[in-house]
Protein chains: 2
Amino acid sequence: MVTRDGRRRVTISDVASHAQVSTTAVSKVLRNAYGVSEAMRAKVQAAIDELGYRPHAAARAMRGRTFTIGVVLPHIRNPFFADILDGLDEQIAGAGYQAIIVQGGTMDPGSEGRAIDALVDRQVDGIFIVAPVLARSRLEETARSTPTVVLGRHDRSAVYDSVLDDDEVGAELAVEHLIALGHRRIAHISQKDSGPSRSVAWLHTIRARTYERVMAEHGLAEHVAVVATSYTEEGGYQATSELLARSLRPSAIFAGADQAAFGALAAIHEAGLTVPGDVSVVGYDNARVTALAHISLTSVDQDGAIMGKTAGRLLLERIIEGRTSAVRFSVTPTLVARRSTAPPRAITDQK
Amino acid sequence: MVTRDGRRRVTISDVASHAQVSTTAVSKVLRNAYGVSEAMRAKVQAAIDELGYRPHAAARAMRGRTFTIGVVLPHIRNPFFADILDGLDEQIAGAGYQAIIVQGGTMDPGSEGRAIDALVDRQVDGIFIVAPVLARSRLEETARSTPTVVLGRHDRSAVYDSVLDDDEVGAELAVEHLIALGHRRIAHISQKDSGPSRSVAWLHTIRARTYERVMAEHGLAEHVAVVATSYTEEGGYQATSELLARSLRPSAIFAGADQAAFGALAAIHEAGLTVPGDVSVVGYDNARVTALAHISLTSVDQDGAIMGKTAGRLLLERIIEGRTSAVRFSVTPTLVARRSTAPPRAITDQK
DNA sequence: CTGAAAGCGCTAACAA
DNA sequence: TTGTTAGCGCTTTCAG
């Protein structure tokens, strides 16, 4: 293969002839395969270093491994995904693996499917899919041929591994927190379902249902108000604008994701109201920015770094050790109370 | 190649035999190559659809194109990069190209180099590198063998294309804005140089130098205060903490990037001071979140979507049309004033 | 422990 | 216009 500047890329046979051995030997050294003498290893390694040889991933992909993990993210705008990715990178880098990311698009199963296909076509050794909206059967189809770990889905699969946080606990923490502060008119911002059916597999469904359950348990069923837009700033802004326009304005909003909560903050402020004076806001994910003084958003914390790290480990287990049984890893979320939540005005005034 | 579940992947020869033609014919149809009859095209396309065939990118990589653009991002945490990426995706998707993203790490030329190598090894058709810290010679080495577009570098290259905003204009807007408000003690948060030498190629150098120049032009040279940490929240927080501890506290801070400005806001608030009451803050990038009511950060806007879109176009020109001359595309930034800037206390009080 | 050789799926000369 | 065929760089039997 000739590169643009006319220089040939260094190949395995260049290394072989330079080290006076066969290409097979070089290949074995490269992969730390069984059956190479120390002398051979040293000689080959010297040649590799001298020539600056790097294995051609595409050629490898034809027969063996690519040492690549494909990551499907709905989009890279959510800072929480960055935490997840850092955990993944940390785990797989040591084993010589590279993560490549593709954007799957939000709420569109079609583009999500295309993103997954793109990764499969590029022969990645493992796939890590974050919060997919595709049908489980479609995910399993991919998982049958490529080791797969799915993050944030509650349905159980025997084919792929799952990493998730206990969204029921998380949502409960958020709603109970608001109720404990004295709120009754608590609204929830959820994500619109991408398909015709509402699946309990999606984390937004769990969060919404738990919100409804906890409200009912406290005798607040009549105050249940769910607006389903999307877990984005725009979605949060839009949902909140609608909620604030209602005759009985909520005194608190539980947003299903921090991104949506940011949009909610903007909408509340724009309506001339204050946080938490007029409306309290709780988010979910505890992305780093939530801690910023000017936002200071109360949020449900799930450890993204641990989740990403675990995903990496599970993937390597499948790839390297050949595990085929499905594993499910769940973290328990906690609530981080900040300045976006306070007792409702009425109660404050009574003091 | 046998997949895990024992099913062979559909290959070009499966399509060929199913359509009763040669693999060459199928390959030509796939690439819209010259010299295929309409009948042939229809027959082959039917077989492709029927079998659900998808080209194997790795195999293609051995001979031709992979239809893949590799993107090197310092990290995915900066929301401004999301804007850039959206522009890129929009541009290349139509041509059938896929973007894959790898994280290059901030301020470490080593890991940035490894990220680029990973892309080259995977035989991407083009590389888009965002705000690299590597030496130009190293970038050009890659650019000589793979079409490359670099974003945010001010040095000129004859080998790769450049997309950038006019950081001199942008920094000027920011500093002039603060001076016009009446500020004199204006500090600047910059990024630490990754190497021994300070290069004017880096945008952070331009922003810092321009800050110094504009200050001097207004007779404020004695008030110049630059703290170089990094364009991250942590960096902004740390730099601001240091600035606030000085005997002569600045009344305004020009952060070289929004991310750093966020950190600055947190540090100011934590010190018991208010924005813009005690300290005004200006950012750079105008990432979407800056518009949020609770942040409402004054910032220098550069159109990320346009920049990404242009990068995509330049890459496709090189890949498809074979352009080899270098192009330089520059956008002119504007200032978006929000509520994080106001006249300094002393002046306000005089009113 | 080492090497020769086949072949992964695809593209591009070249022939027909 | 269509088909035959030789590799691309690597891994992997299978002999030596």
Side-chain angles (χ1 to χ4, degrees), chain A residues 1-4 7-45 47-48 51-68 96 120-123 125 145 319, chain B residues 1-3 7-44 47-48 51-68 120-125 145 319:
Chain A
M1 174 230 181
V2 179
T3 53
R4 292 222 163 179
R7 283 202 306 269
R8 253 181 75 265
R9 190 187 160 108
V10 179
T11 72
I12 200 171
S13 42
D14 295 329
V15 176
S17 60
H18 192 264
Q20 313 262 47
V21 297
S22 71
T23 58
T24 311
V26 179
S27 176
K28 283 189 168 181
V29 170
L30 247 29
R31 292 172 291 118
N32 286 311
Y34 178 79
V36 259
S37 66
E38 208 31 69
M40 170 69 87
R41 173 178 312 283
K43 196 163 52 176
V44 170
Q45 192 57 55
I48 288 174
L51 268 44
Y53 167 80
R54 292 199 319 267
H56 192 297
R60 276 187 152 171
M62 298 291 292
R63 312 228 86 233
R65 295 192 186 146
T66 54
F67 293 92
T68 308
V120 171
D121 295 346
R122 280 159 189 79
Q123 206 73 8
D125 295 337
S145 58
I319 296 168
Chain B
M1 175 230 181
V2 179
T3 54
R7 284 202 305 269
R8 254 181 74 262
R9 190 186 160 109
V10 178
T11 73
I12 199 170
S13 42
D14 294 329
V15 176
S17 60
H18 191 263
Q20 313 261 48
V21 297
S22 71
T23 58
T24 309
V26 179
S27 176
K28 283 189 167 179
V29 170
L30 247 30
R31 293 172 290 120
N32 286 311
Y34 178 78
V36 260
S37 66
E38 208 32 69
M40 170 70 87
R41 174 178 311 285
K43 196 164 54 174
V44 170
I48 288 175
L51 267 45
Y53 167 80
R54 292 200 319 267
H56 192 297
R60 277 185 152 171
M62 298 291 292
R63 310 232 87 231
R65 293 190 186 147
T66 54
F67 294 92
T68 308
V120 172
D121 295 345
R122 281 160 188 77
Q123 206 73 10
V124 295
D125 296 337
S145 58
I319 296 168

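Proteins get letters first, then strands, A, B, ... in listed order; numbering begins at 1 in each.
Spacing between atom CZ of B:R9 and atom P of C:dG7 amounts to 21 Å, rounded to whole angstrom units. Rounded to a whole Å, the CD atom of B:Q123 is 9 Å from the P atom of D:dG9. A:M62 has its CE atom 16 Å from the P atom of D:dG7, to the nearest Å. One atom, NE2 of A:H56, and another, C1' of D:dT11, lie 15 Å apart when rounded to the nearest Å. Rounded to whole Å, atom P of D:dT12 lies 13 Å from atom CG of A:N32. In this structure, A:R122 places its CZ atom 15 Å from C1' of C:dG9, rounding to the nearest Å. Taking atom CZ of A:R54 as the reference point, atom P of D:dG9 lies 14 Å away to the nearest angstrom. Distance, B:Q20 CD to D:dG3 C1': 14 Å, rounded to whole Å.
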Handout entry: Nucleic acid footprint by protein, nucleotides 11-16 of chain C - heavy-atom cut-off 4.0 Å, B for base, S for sugar-phosphate alone
Key = BBB---

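A donor-acceptor pair under 3.5 Å is formed between the side chain of B:R65 and the backbone N or O of B:I319. For A:R9 (side chain) and A:R54 (main-chain N/O), a donor-acceptor pair under 3.5 Å exists by modelled atom type. For B:T68 (side chain) and B:T66 (main-chain N/O), a donor-acceptor pair under 3.5 Å exists by modelled atom type.
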Practice task
List the steps and the verdict of side-chain contact (heavy atoms from CB on, under 4.5 Å) for A:Q45 and A:V29.
Solution key: CA-CA 8 Å; A:Q45 192 57 55; A:V29 170; 4.3 Å; yes

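Comparing the end axes of the helix from C:dC1-D:dG16 to C:dA16-D:dT1, each fitted to five base pairs by superposing C1' atoms of four pairs onto the next four, gives an inter-axis angle of 40° (nearest 10 degrees).
Here the NE2 atom belonging to B:H56 is positioned 11.0 Å from the CZ atom belonging to A:R122, to the nearest 0.5 angstrom. Taken from OG in B:S22 to NZ in B:K28, the straight-line distance is 8.5 Å, to the nearest 0.5 Å.
One finds a side-chain N or O of B:S22 lying less than 4.0 angstrom from the OP1 or OP2 phosphate oxygen of D:dG3.
By the 4.5 Å heavy-atom criterion applied to side chains, A:V36 and A:V44 are not counted as neighbours.
In this structure, the side chain to side chain donor-acceptor pair (under 3.5 Å) partners of B:R31, at least two apart in sequence or on a different chain, are B:S27.
For the pairing with B:H18, the side chain to side chain contact (heavy atoms under 4.5 Å, CB included) check across B:I48, B:V26, B:L51 returns one residue only, B:L51.
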